[in-house]
Amino acid sequence: MTASTLVAFEDPQYREAVVDLLGVIAYGEISAFERLAEDAKLAPTLEDKVAIVSMATAEFAHVARLNDRLVELGADPFQAMAPFQEPIDRFHEYTAPADWYEGLIKAYVGDGLANDFYREIAAYLDHGTRDLILASLDDTGHSAFVVDRVRTAIAADPRLGGRLALWGRRLMGEALTQAQRVTADRDALTALLAGGVDRPGLDLAAIGRMFTRITERHAERMAELGLAS
């Protein structure tokens with residue numbers, strides 16, 4: 001860690017917030033791996049199956065670095081992830097895809113919403129932690145596969161577009177609700193966003209702008225898929 005990073009971690013509340021954030025992202029990656037591996041069973045072709053398995057592998061590959069940082073901070077990675085297992089599992093239970101295309105939309109849009117939220121929070125962290133989080137949320141180049149498959153399917157059956165657009169809106173509502181609940185339930189994360197004497201925070205107007213940016217990026221993703229947000 002750099003000297004500035006070490007100074008930041010002298011604040012126990014800041015350290016707790018970072019442990020929470022790394023924990024929720026790490027469990028999110030594990031959950032995404034499990035979900036994508038399950039979605040691979042719905043793949044219509046072997047090529048599609050391999051692509052989804054590759055996406056799952058990329059998600060899981062991020063977990064080791066996140067866990068290593070948690071250990072470096074003196075935290076138990078499994079204890080850090082534990083508070084987020086139930087809410088993340090509940091989110092996936094509420095948003096279980098009905099078919100292959102809903103699974104693709106969830107992998108692209110749903111995960112994108114969560115990642116945008118974590119990127120927003122990462123902006124208020126020390127450089128080392130922020131860089132680690134941003135690297136863990138990298139797209140890994142698989143979005144082009146999802147966009148191609150969804151656009152091709154809609155071109156072949158335009159009625160599919162309406163159903164998937166509704167699905168995308170539902171995912172957005174559930175994802176934003178989960179993000180707000182996770183933050184509200186963890187005092188350290190709430191304090192991190194509120195800021196302090198030595199670091200900036202978010203007032204109500206800034207929080208509103210943050211969710212506006214997340215909503216706008218969601219609309220951009222939906223447009224890339226050929227769907228109305």
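The shown structure was predicted, so the numbers you read here are calculated from the model rather than taken from an experiment.
Here the closest heavy-atom approach between residue Asp20 and residue Phe84 is recorded as O-CE1, 3.4 Å. Taking all atoms of both residues into account, the shortest heavy-atom contact from Ile154 to Gly226 is CD1-O, 4.3 Å. The minimum heavy-atom distance between Pro158 and Ala155, with the atom names listed, is CD-O, 4.3 Å. The minimum heavy-atom distance linking Pro97 with Gly103 is given by the pair CB-N, 3.4 Å. The two residues Arg151 and Glu224 make their nearest non-hydrogen contact at NE-O, 2.6 Å. Nearest heavy-atom pair across Ala135 and His62 is O-NE2, 3.7 Å.
Within the 4.5 Å cutoff, side-chain heavy atoms of Met172 are placed close to those of Leu176. With contacts defined as side-chain heavy-atom distances shorter than 4.5 Å, the pair Arg213/Arg209 qualifies. Residues Leu225 and Ile105 have side chains in contact (heavy-atom distance under 4.5 Å, counting atoms from C-beta outward). Between Arg119 and Ile133, every side-chain heavy-atom pair lies at or beyond the 4.5 Å cut-off.
Not one N or O on the side chain of Thr129 forms a donor-acceptor pair closer than 3.5 Å with the backbone of Leu125.
A cation-pi arrangement is absent between Lys49 and Phe145, since the terminal nitrogen or guanidinium carbon is not both under 6.0 Å from the aromatic centre and inside a 45° cone about the axis.
Applying the side-chain hydrogen bond (donor to acceptor under 3.5 Å, both in side chains) test to every pair with at least one member in residues 76-89, sequence neighbours left out, gives these pairs: Tyr27-Asp89, Glu86-Arg90.
No path of Ile, Leu, Val, Met, Phe, Trp and Tyr side chains, each step under 4.5 Å between heavy atoms, connects Val71 with Val63, placing them in separate hydrophobic clusters. If you chain together hydrophobic residues whose side chains sit under 4.5 Å apart, Phe91 and Phe117 never meet in one group. Under the 4.5 Å side-chain heavy-atom criterion for ILVMFWY residues, no single connected hydrophobic cluster contains both Val53 and Trp100. When hydrophobic clusters are built by joining Ile, Leu, Val, Met, Phe, Trp and Tyr residues whose side-chain heavy atoms come closer than 4.5 Å, directly or via intermediates, Ile25 is not grouped with Leu134. Under a hydrophobic clustering in which Ile, Leu, Val, Met, Phe, Trp and Tyr are joined whenever their side-chain heavy atoms come within less than 4.5 Å, directly or via other members, Phe78 and Ile30 fall into the same cluster.
Partner of Leu132 under the side-chain contact (heavy atoms from CB on, under 4.5 Å) criterion, chosen from Leu22, Asp68, Asp126: Leu22.
Electrostatic pairing of Glu29 and Arg65 does not count as a salt bridge here, judged by no charged N lying under 4.0 Å from a carboxylate O. Taking 4.0 Å as the cut-off between side-chain N and carboxylate O, Glu220 and Arg217 do not count as a salt-bridged pair. With respect to Asp111 and Lys106, no salt bridge is recorded, no charged nitrogen being found less than 4.0 Å from a carboxylate O. Classification of Arg221 and Asp116 as a salt-bridged pair holds, one side-chain N sitting under 4.0 Å from a carboxylate O. Under the 4.0 Å criterion applied to side-chain N and carboxylate O atoms, Asp99 and Arg163 are assigned as salt-bridge partners.
Within the model, atoms OG of Ser143 and CG of Leu104 stand 12.0 Å from one another, a figure rounded to the nearest 0.5 Å. Between the CD atom of Glu59 and the OG1 atom of Thr57 there is a distance of 10.0 Å, given to the nearest 0.5 Å. The CD1 atom of Ile52 lies 9.5 Å from the CZ atom of Arg35; values are rounded to the nearest 0.5 Å. Rounding to the nearest 0.5 angstrom, the gap separating the CZ atom in Arg149 from the CG atom in Asp48 is 4.5 Å. Atoms CD and OG1, from Gln178 and Thr95 in turn, are 8.5 Å apart once rounded to the nearest 0.5 Å. Here the CD atom belonging to Glu120 is positioned 12.0 Å from the CG atom belonging to Asn115, to the nearest 0.5 angstrom.
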| request: Determine, step by step, whether His127 and Arg130 satisfy the side chain to side chain donor-acceptor pair (under 3.5 Å) criterion, reporting the C-alpha distance in whole Å, the side-chain angles of both residues, the deciding distance to 0.1 Å, and the verdict. | output: CA-CA 5 Å; His127 292 301; Arg130 183 180 67 220; 2.5 Å; yes

| task | Evaluate the criterion side-chain contact (heavy atoms from CB on, under 4.5 Å) for residue pair Val109 and Leu227; output intermediate values, then yes/no. | result | CA-CA 11 Å; Val109 172; Leu227 301 171; over 6 Å; no

| field | Val150/Leu160 under side-chain contact (heavy atoms from CB on, under 4.5 Å): CA gap, chis, key distance, verdict | value | CA-CA 9 Å; Val150 172; Leu160 180 63; over 6 Å; no

| query | Stepwise, does the side-chain contact (heavy atoms from CB on, under 4.5 Å) test hold for Val24 with Leu21? | reply | CA-CA 5 Å; Val24 68; Leu21 190 58; 4.2 Å; yes

| request: Given side-chain contact (heavy atoms from CB on, under 4.5 Å), test Glu102 with Asp39 step by step and report yes or no. | output: CA-CA 10 Å; Glu102 286 192 4; Asp39 288 348; over 6 Å; no

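Residues passing the ring-ring contact (aromatic ring centres under 6.0 Å, His included) test with Tyr101: none are found, sequence neighbours excluded.
The aromatic rings of Phe33 and Phe60 sit tilted, their planes meeting at an angle between 30° and 60°.
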